S.K.: 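One structure, as structure tokens, below. Some questions next.
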Amino acid sequence: MIVAIDGPSGVGKSTVARRLAQRLGIPYLETGAMYRVLAFEVLRQGVDPDDPKAVTEVFAGLDLRLEPHQDGRLEVLLNGEPLGDRIREPEVSEASSQVSVHPEVRRKMVTLQRALAQETGAVLEGRDIGTKVFPETPFKFFLEAPMDVRVERRFNQLQRAGQNSGSREEVLEEVTRRDLRDTTRADSPLTMDATYHHIETGDLDVDEVVEEIVRRIGEISQQH
Ligand code: DC
């Protein structure tokens, strides 16, 4: 079973995907973490995240692996080591959105994601899972929430990670900038088409979103 969860930053995809995967007893892959690890290494090497050639070279030399973590997640390892919350820093967030624009980067990421999830089934969370990575799965969900709710969720996530997240205004700027880039890039922009099941999460807590997805998976399964 492949479950695709797409949506913009701060909508709560990671938490929902993790709990859903636990409920379904399949692994969970946070594809954003893969772009974040690449961005982390790009910044560490002093490479310009907007330079496709230089970024592709960094990617080619990357030892990127995924290993099952005890919470059910497939954890992204760089040179055999987990990077933890270092990939959540604001500069890495921005750079991850920048490196994800490059078609060569996307092509390689999608190949890795397909190979990983196909064997076991998985809940995959990202921006292009239902449009590019597994367009054929009937279990496609697009999560949304009003901007103020997304900013609050992202702000709290950064605080929990013990990071200097800056003010809510700064978080709003970061999320707005990434939204614009992620939805307008030429290759696989974040988009929802009619094959998705749309879930407005603004008034729901995590458990309620998971319940709603489980309910709809049941309905979809009966139709197939
Ligand atoms: O989900 P996230 O905020 O951790 O993702 C970080 C960036 O990576 C996001 O701004 C765009 C990019 N991304 C992508 O282009 N495609 C994905 N499937 C996941 C993330």
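Quantities reported herein were computed from a predicted structural model and do not represent experimental measurements. Note that ligands are numbered from 1 as they come in the structure, with each ligand's atoms numbered from 1 the same way.
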S.K.: Salt bridge or not for Arg23 and Glu211, using N-O below 4.0 Å?
M.R.: yes
S.K.: Are more than 12 heavy atoms from other residues, nucleotides or ligands located less than 6.0 Å from atom CD of Gln222?
M.R.: no
S.K.: Taking only residues two or more places apart in sequence, or in another chain, which ones meet Glu75 in a side-chain contact (heavy atoms from CB on, under 4.5 Å)?
M.R.: His69, Arg73, Leu77, Pro82
S.K.: Closest approach of Gly130 and Lys140, non-hydrogen atoms and distance?
M.R.: O-NZ, 2.8 Å
S.K.: Are any of the side-chain nitrogens in Asp63 or Arg65 under 4.0 Å away from the carboxylate oxygens of its partner?
M.R.: yes
S.K.: So what's ligand 1 close to, N/O to N/O, under 3.5 Å?
M.R.:
residue	atom	partner	partner atom	Å
ligand 1	1 (O)	Arg127	NH1	2.8
ligand 1	3 (O)	Arg36	NH2	3.2
ligand 1	3 (O)	Arg127	NH2	3.2
ligand 1	3 (O)	Arg178	NH1	2.9
ligand 1	4 (O)	Arg36	NE	2.6
ligand 1	4 (O)	Arg36	NH2	3.4
ligand 1	10 (O)	Arg178	NH1	2.9
ligand 1	10 (O)	Asp182	OD2	2.7
ligand 1	15 (O)	Ser100	OG	3.3
ligand 1	15 (O)	Arg106	NH1	2.8
ligand 1	15 (O)	Arg106	NH2	3.3
ligand 1	15 (O)	Arg185	NH1	2.8
ligand 1	15 (O)	Arg185	NH2	3.2
ligand 1	16 (N)	Arg106	NH2	3.1
ligand 1	18 (N)	Thr31	OG1	3.0
ligand 1	18 (N)	Arg127	N	3.1
ligand 1	18 (N)	Asp128	OD1	2.8

S.K.: Give me the ring orientation class for Phe141 and His197: parallel if the planes are under 30° apart, tilted from 30 to 60°, perpendicular past 60°.
M.R.: tilted
